[in-house]
Amino acid sequence: MHPTMEHAMVSVATGVLGPLLGKLAALVEKEYAQLKGVRKEIVSLREELRSMNALLQKLAAEDDPDVQVKEWRNQIRDLSYDVEDCVDDFLRRVEHGDDGDVVGFFQKNFSRLKTLGARHGIADKIRQLKARVDDVSKRHGRYIYEGGSSSAQLALRPAAAAVPIDPRLPALCGMAGSLVGIDGPREEIVALLNEGEEEHGKRLKVVSIAGFGGLGKTTLASEVYREVGEQFDCRVTVSVSQSPDIIKILTKILSGVKGQPSHTCNISDQQELIQEIRSYLLHKRYFIIIDDIWDQLVWEVIKAAFPDNYHGSRVITTTRVQSVAAVCCSYRHKYVYRMKPLNEQDSRRLFFDRIFGSEDTCPGELKEVSHQILRKCGGLPLAIIIISSLLASQAAKVKEYWEYVQSSMGSNVGTDRSLEVMRQILNLSYRDLPAHLKTCFIYLGAYPEDFVIWRDDLVRQWVAEGFLEAVDVAGNCFNELVNRSLIQPAGIGYSGEVLSCTVHDLMLDLIIRKYSAEENFLTVVGISREIRIRGPTHNVRRLFHHSEVGRRRTCRMPALGTDLSKVRSFSICGSPSQGHIPALSKFKFIRVLILEFLVDPSDSDDEAESAVNLSAICQLFQLRYLKIHTEVELLLPTRIRSLQHLETLEISSILRSGVALPRDVAQLPCLSYLSVLPHMQRLPEGTGAMRCLRSLAFFVLEEDSLDNVRGLRQLTNLKELYVRLPLDLRFAEAAEARLDVLCSSLPEHGHCKLYVIAWSPAAWFPCVPQWVGRLEKLYSLELGIGQLSKEGVAVLAGLPDLDRLDLSIRGAPSESAAITATGFPALKHLIVTCRAPCLAFEAGAMPTLQTLQLEFNADGATAEQGGCGKALAGVQHLLGLKEIYAYIGGLGKPAPTGTEDSGRMDAVSALRDAIGLHPNRPRLDIMCTQGRYGLQ
């Protein structure tokens, strides 16, 4: 652990006592603290709070503290927030006050600080709480610390040390195909789907997977999806959850089967959506998974969208409720697959592989206690993965600790106890976390069920809240939670890093019900038929509003009838025309602010055109993280330099006009992440002053911004730089000079990854420009061209650091471009979008390539070009290849009946044949879609 981590971190158990002690210590050193009586009161206050902090840290290790201890702890925690707010407010007034009589101003305010004032009553509260602690201690002796749980005494990995993702974990969490114990159940489900194929197999068939949480229903359905999905014209997986929004679910189904982004769907009526889905699927062979259904009425609505078109379509549902499973299958009980726990052999394999790599390397003294732990897990895959990840997280495999874990797991007697044992295991895994990880983990309750959480967003919010002191440390904590299986990987980068995650609903339930509400940590407001609130409504510190309605439905914002003055994190989503946007001036002490403004289709023209005025943001002096997504015009303050603590500024807009940044953005001394989408027209004036900047996105490389571009050279902490190139004739004529300025302006120290985007649906280069070869430090390139020639391939192949290439080719190829053994020394990820297959790989080509993604139209390749048979010509020569994703579409125009489907099936067959020649048999995932990226 970092030497100051324990004293600087916001804790679930202790509130902000750690950071507060540091602030009081710094306050003692200030010159104005030498005024009569001030220093003594500050020191006294600091020492009292230090003693309370020490006791609270010890009590945090107790498994089930006394109810009086909880009450005392909660009061101290709330007190710590109030005291810190008072100190922050005082320091802001000192640093930003404009009172001409400085000494008089100090004296006037220090009288309040002396007791932390009658206005706040802080000193009185401290004395009262201390008296209560002493009284309860004398009567019950309950607050004398006599040693906590074993987990509190363990040697933990230092938070400052690099924490990589455990390489054994992806296969265990469903990121690989060879999952323990999955083969038998998968084949049984496939057999049910294919049963009676000759007699009435063309009828729509529904198979339901039933079982309680943690048995692996979703994982099993996903494996079946991968096994047979390529046989279908279109396929999609949609999660329902306990609080379903029918409009959102139907929208996801429609966009999924069409292969289009969900935001392109403008339908907001339920019946219209159902009819649209039915019409599209009427002549398709489709395969759909509806995951996590809780209510049979929800299924009755969803199933109306699935026509029985006699094309052999299939639907899989998963549910924890047996009666719902029966309804899904129209009470044909043989199509209800009841999940079974893992057998003893598979349980042992899963357990020991996670901890030791194999059972053979398990020390003999741990064999018996391992058997007892596995017996209590009852064959539940989630329980085994979590408990084994807990044990694997300890560097030393100590028998006493394993016995403590075993004794803390309760007893699994029959299936009726399985859910309770699962909860005990989840609870044990949480209790075993060090304090900083507990706080980070509970913060995940801010996100809704089934939400994909991006790693970079999460770690920056942790830092902004004060949970951790640096992004690198926060990244290590994220990896630690992944390694402990408390969060599940959702997106995996081609270098093995976890880019995003989800939280299992059992774990989310634990966070919300047991810890978030009990610890007064989060308050979540959601919309689903009515306003509902999860978490405390008094002394709200973190308030999150979940928009659970479809994007094109009425997105009303809730009326928040609560005091917002103490809120430190706030997130809200909805249509500003519906009102209820709280006045920003109320958020006096806010650290994290997330705003999403959507257009309500029911708005009148006048309402839709109205702008949202956010000029008051410049008054939020404690703000550290600001993220805004908008579909309406924004009015930002012209100046923002007063936000001296701001670390993250991220703004995305769908408006062509974009967003005008405040003129003095470069004067924010702590800014480390700046992102504007679709782009900022030019870099801010004085860019070179942003010495803390780590990531900068996106700006257009215009002639009038080159002076600011030169300032990038001074940004020694810059790690990521995203640049958009203008796609016009004027740029083409001056490209070399501008790119020379850009390349010479990259920071000399450290390694800055350069991302260049030279593509848009409306503009394309005729071929690969020669000046692309000047970008020697290029890490990632998105390029749109009309044709790809061997000369163009040679230009791209010569880029020494190119790690990712996203190539969109608009024209139909006259011949395939050969990728030779020369060049592409660092390329790991290749995306090619084109009318027809246009690449051929020779022996030794792209030696480091791991992921290949192809997007092409099955009816875009003529017989003279070899049809789709050349889609992966020579793919067997890509020896490092691990995964191939293929999106096969049509041109989006009418075709003779059956022609389109026949073309796609030929393409699928050609791809599978090509992969069959590869010595390593990389994973192949094929999706048939409509035309993509305007390639028609």
Side-chain angles (χ1 to χ4, degrees), residues 168-193 195 207-227 316 318-320 322 325 333-364 366-392 402 405-406 409-426 428-429 485 488 504 506:
R168 294 171 299 210
L169 201 58
L172 297 173
C173 291
M175 304 306 295
S178 55
L179 295 172
V180 172
I182 203 73
D183 293 343
R186 181 182 59 213
E187 296 311 313
E188 290 186 56
I189 299 292
V190 171
L192 287 175
L193 293 173
E195 184 180 284
V207 172
S208 188
I209 304 174
F212 47 80
L215 274 175
K217 300 183 297 297
T218 301
T219 301
L220 175 57
S222 298
E223 284 300 300
V224 175
Y225 185 89
R226 294 191 184 102
E227 178 80 9
I316 292 179
T318 73
T319 180
R320 299 183 193 182
Q322 292 289 339
H333 292 283
K334 70 176 181 176
Y335 294 124
V336 175
Y337 181 85
R338 292 173 175 81
M339 287 290 294
K340 308 175 188 68
L342 294 178
N343 59 36
E344 181 179 356
Q345 180 181 355
D346 287 334
S347 294
R348 295 177 69 87
R349 178 184 165 196
L350 182 59
F351 180 82
F352 288 112
D353 283 1
R354 173 68 185 96
I355 304 174
F356 301 107
S358 72
E359 186 173 357
D360 295 338
T361 56
C362 174
L366 298 179
K367 290 288 182 70
E368 177 58 30
V369 67
S370 297
H371 175 73
Q372 297 299 324
I373 290 173
L374 281 169
R375 184 181 62 82
K376 289 187 175 181
C377 287
L380 299 179
L382 181 62
I384 296 171
I385 288 174
I386 289 179
I387 207 71
S388 59
S389 295
L390 168 64
L391 296 170
W402 284 46
V405 169
Q406 187 270 139
M409 291 174 60
S411 176
N412 185 3
V413 182
T415 57
D416 293 340
R417 288 277 300 161
S418 296
L419 184 57
E420 182 57 33
V421 169
M422 174 67 74
R423 287 173 175 160
Q424 291 176 355
I425 290 173
L426 300 181
L428 173 63
S429 298
S485 298
Q488 300 171 316
H504 194 281
L506 286 177

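- Of all heavy-atom pairs spanning Ile425 and Ala383, the tightest one is CD1-CB, 3.5 Å.
- Within the model, atoms CD1 of Ile209 and CD1 of Ile189 stand 4.0 Å from one another, a figure rounded to the nearest 0.5 Å.
- Distance check, rounded to the nearest 0.5 Å: CZ of Phe212 to CG of Leu506 gives 10.5 Å.
- When all heavy atoms are compared, the tightest approach of Ser388 to Ile384 is OG-O, 2.6 Å.
- Note that OG of Ser347 and CD1 of Ile373 are 13.0 Å apart. Values are rounded to the nearest 0.5 Å.
- Remark: Ile387 CD1 to Met422 CE distance equals 10.0 Å, nearest 0.5 Å.
- Counting heavy atoms from C-beta outward, Tyr337 and Val224 have side chains that stay 4.5 Å or more apart.
- Taken from OG1 in Thr318 to CG in Leu215, the straight-line distance is 11.5 Å, to the nearest 0.5 Å.
- Taking CG of Leu374 as the reference point, atom CG of Leu380 lies at 11.5 Å (rounded to 0.5 Å).
- When all heavy atoms of Lys367 and Glu359 are compared, the pair lying nearest together is CE-O, 3.9 Å.
- For the pair Met409/Gln372, no side-chain contact is recorded, criterion being any heavy-atom separation below 4.5 Å from C-beta on.
- In terms of heavy atoms, Lys376 sits closest to Gln406 at NZ-O, 2.6 Å.
- Taking each heavy atom of Gly211 and Lys217 in turn, the nearest pair found is O-NZ, 2.9 Å.
- Of all non-hydrogen atoms in Ser485 and Ile386, the two that sit nearest each other are O-CG1, 3.7 Å.
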Checking side chain to side chain contact (heavy atoms under 4.5 Å, CB included) for the pair Phe351/Leu342: CA distance, chi angles, key distance, verdict? CA-CA 11 Å; Phe351 180 82; Leu342 294 178; over 6 Å; no
